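Taking it in order: structure first as structure tokens, then the write-up.
It should be emphasised that the depicted structure is a prediction, and the values quoted were computed from it without experimental measurement. We name chains A, B, ... by the order of the sequence lines, and we start the count at 1 in each one.
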There are 2 protein chains.
Amino acid sequence: MAIPQSDEFSILMNKRPNLQQCTDPQTECIACPIRKMALFRGVPKKELGWTQEFRDAQYLLPARKTLYREGDTAHSIYTLFDGWIILFKILDNGKRQILRFVLPGDFFGFQVNGTGAAAGYTHGAQALIESTLCAFPRTRLRSMMEKQPQLAIGLAEMGMHDMTLCQHHLIGTGRKNARESIAFLLLELFYRVRMQMQNGFDEATNSIIFPLTQEDIGDAIGLTSVHVNRVLKEMEREELIRCQRKRLTILDEETLMEIGQFDPGMIAPKELV
Amino acid sequence: MAIPQSDEFSILMNKRPNLQQCTDPQTECIACPIRKMALFRGVPKKELGWTQEFRDAQYLLPARKTLYREGDTAHSIYTLFDGWIILFKILDNGKRQILRFVLPGDFFGFQVNGTGAAAGYTHGAQALIESTLCAFPRTRLRSMMEKQPQLAIGLAEMGMHDMTLCQHHLIGTGRKNARESIAFLLLELFYRVRMQMQNGFDEATNSIIFPLTQEDIGDAIGLTSVHVNRVLKEMEREELIRCQRKRLTILDEETLMEIGQFDPGMIAPKELV
DNA sequence: CCGTTTTATTGATTTAAATCAATTAACGGA
DNA sequence: TCCGTTAATTGATTTAAATCAATAAAACGG
């Protein structure tokens with residue numbers, strides 16, 4: 001299947017040196033296995049033909065590479081097809097705050113400052129592991145939504161879900177101690193990977209792929225990597241978790257949920273009505 | 001002008017004992033002065049007639065009263081017409097995290113767990129000062145959006161704006177110290193009140209109405225009221241601000257912006273495209 | 001496989017903010 | 001205007017987490 005190269009494509013490739021176009025895209029939108037949880041969840045299958053037209057192309061972003069930086073001109077919005085991406089912001093003092101962990105099916109890149117051609121991303125985006133992205137030109141987003149109101153509703157619903165996660169992170173950094181906050185984050189990511197990543201979860205060992213460094217964890221919840229390490233080590237000594245070799249194993253889910261005040265329902269996707 | 005009492009009205013009045021219906025609503029939706037920044041921003045004026053039909057009624061919520069608690073059945077979504085409301089969550093340990101400050105024109109009450117009749121609010125809502133609300137029955141939200149896609153786009157845009165604020169709060173609690181975090185919050189609220197509240201801003205003194213207690217400030221950014229007090233006092237000694245008698249005066253905006261790493265553009269309402 | 005660069009780990013010390021504890025000031029209602 | 005309650009203020013002390021510092025262990029790129 002050939003995907004036509006739009007104008008946006010060449011722009012995108014110039015501006016995003018780390019991207020490689022997928023020569024053999026894995027799916028058409030209509031058959032997309034993650035569609036049910038993604039932006040197009042509410043869009044009837046027969047309508048998905050035109051989604052394909054809007055879509056720019058599928059791209060591959062290698063592990064640890066930057067997709068865009070804060071302030072970069074925002075040409076595209078993205079759906080993550082496969083992989084793991086972080087959105088973050090660097091402060092004046094050099095510290096980094098991770099704003100969001102993007103997993104397959106999640107939609108990102110729509111938060112910008114300014115409008116039209118002057119729109120610039122409010123945050124940076126970087127891959128933790130090799131990731132496959134579907135890119136949609138921003139310029140067509142509004143007409144897409146006008147053509148298919150379900151899309152706007154879907155966008156609002158996803159926004160609501162992201163908001164819930166952001167608020168829980170806020171609670172974590174604001175009103176929980178390191179142990180509680182880390183327990184919550186580990187469980188959140190564990191449940192999300194289990195739901196969203198085809199190959200991320202290993203049922204036999206109750207473990208997930210976990211590409212975060214201890215510094216990443218710290219930057220997500222406002223701690224130093226040193227302190228994250230101490231807390232993780234203690235949790236390992238208590239046989240609550242095992243966190244090694246880019247794999248996170250949950251050994252005592254119940255206790256961990258109590259510590260983190262975590263309930264899977266809290267992070268389940270929401271419907272608007 | 002008589003507003004018909006819907007079924008939802010009686011439900012609402014039973015479930016929300018603090019609410020009083022406005023006998024003389026201040027405006028029809030079509031003439032609403034805050035519409036331009038609210039949910040109906042994008043809706044053409046000639047279409048606003050039906051908004052009126054969807055709207056339940058206008059209500060008055062006295063100062064310091066609770067509108068709803070976390071877990072309460074979610075019958076309505078709200079637009080704040082006038083006043084000041086906080087959305088918050090109480091943790092197991094009794095601590096409170098303020099999630100959002102709602103100012104006139106803001107839309108809230110749509111974050112729920114569960115669907116349909118089982119939907120319950122994920123957070124509590126309480127008035128800081130006497131507030132006037134427009135209530136819309138949740139059950140009609142989807143049909144409203146299908147009738148008027150602009151509404152869904154507007155909702156997505158407002159969600160994006162709220163998300164930006166939430167992310168900035170996350171940065172504040174996660175990666176800023178008390179002084180920086182407080183400076184940012186004061187400026188954010190100062191700018192928002194100036195933009196959103198007709199009577200909130202006094203140009204002569206460069207001050208705003210500021211009904212937060214020092215405990216509220218602390219609960220918003222993850223500090224104790226004792227520490228908030230010390231930082232505020234120091235800022236007053238430095239002639240950066242004056243914060244007394246429910247009024248906040250900004251004396252040295254420039255320095256304060258530097259301390260808080262604040263830029264008004266960061267919190268400006270965003271457009272989706 | 002090997003040198004290089006990141007990450008993880010652990011100990012010693014410091015510090016920003018919490019906690020504990022009183023007072024004083026302001027506010028709201030009778 | 002008085003009284004009871006809530007909010008603000010200030011000092012003394014403790015503590016969770018940061019910082020500083022030094023290896024050890026993994027991961028990576030040829």
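The list of side-chain hydrogen bond (donor to acceptor under 3.5 Å, both in side chains) pairs with a residue in residues 164-174 of chain A, not counting sequence neighbours, reads A/Thr164-B/Gln111, A/Gln167-B/Gln111, A/His169-A/Glu188, A/Thr173-B/Thr173. Residue pairs meeting the salt bridge (charged side-chain N to carboxylate O under 4.0 Å, His left out) criterion with at least one member in residues 238-255 of chain B, sequence neighbours excluded: B/Arg179-B/Glu238.
Judged as a ring pair (Phe, Tyr, Trp, His ring centres under 6.0 Å), and not counting sequence neighbours, B/Phe88 has no contacts. For A/Glu236, the salt bridge (charged side-chain N to carboxylate O under 4.0 Å, His left out) partners are A/Lys233, not counting sequence neighbours. Applying the side chain to side chain donor-acceptor pair (under 3.5 Å) rule to B/Asp263 yields no partners; only residues at least two apart in sequence or on another chain are considered. Listed by chain and residue number, B/Lys89 satisfy the salt bridge (charged side-chain N to carboxylate O under 4.0 Å, His left out) test with B/Glu70 (two or more places apart in sequence, or in another chain). Residues that satisfy the side chain to side chain donor-acceptor pair (under 3.5 Å) test with B/Thr213, not counting sequence neighbours, are B/Asp216. The salt bridge (charged side-chain N to carboxylate O under 4.0 Å, His left out) test applied to A/Asp219 returns A/Arg96, B/Arg175, not counting sequence neighbours.
Within residues 165-180 of chain A, the residues that have a heavy atom under 4.0 Å from DNA chain D are, in order of number, A/Asn177, A/Ala178. In the region residues 220-239 of chain B, proximity to DNA chain D at under 4.0 angstrom, judged on heavy atoms, holds for B/Val226, B/Asn229, B/Arg230, B/Lys233.
Residue B/Lys246 is the one, among B/Lys246 and A/Arg245, whose nearest nucleotide of DNA chain D lies closer to the 5' end (criterion: closest heavy atom).
For the helix from C/dC1-D/dG30 to C/dA30-D/dT1, the angle separating the two terminal helix axes comes to 70°, with each axis derived from five pairs and the value rounded to 10°.
In this structure, A/Tyr68 and A/Tyr121 have parallel ring planes: the angle between them is below the 30° cut-off, well short of the 60° mark. Relative ring orientation between B/Tyr78 and B/Phe108 is described as parallel, the plane-to-plane angle staying below 30° on a 0-90° scale split at 30° and 60°.
Within the 4.5 Å cutoff, no side-chain heavy atoms of B/Val193 are placed close to those of B/Leu248. Residues A/Phe107 and A/Asp162 are not in side-chain contact: their nearest non-hydrogen atoms beyond the backbone lie 4.5 Å or more apart.
What separates CD1 of B/Ile217 from P of D/dT9 is a distance of 10 Å, to the nearest Å. Atom CD of B/Gln126 is separated from atom P of D/dT6 by 13 Å (rounded to the nearest Å). Rounded to whole angstrom, the span from the CZ atom of A/Arg247 across to the P atom of D/dA26 amounts to 17 Å.
Taking the 5' to 3' direction, DNA chain C first and last meets chain B under 4.0 angstrom from a heavy atom at C/dA17 to C/dC27.
Counting non-hydrogen atoms of neighbouring residues, nucleotides and ligands closer than 6.0 angstrom, the CD atom of B/Glu258 reaches no more than 12 such neighbours.
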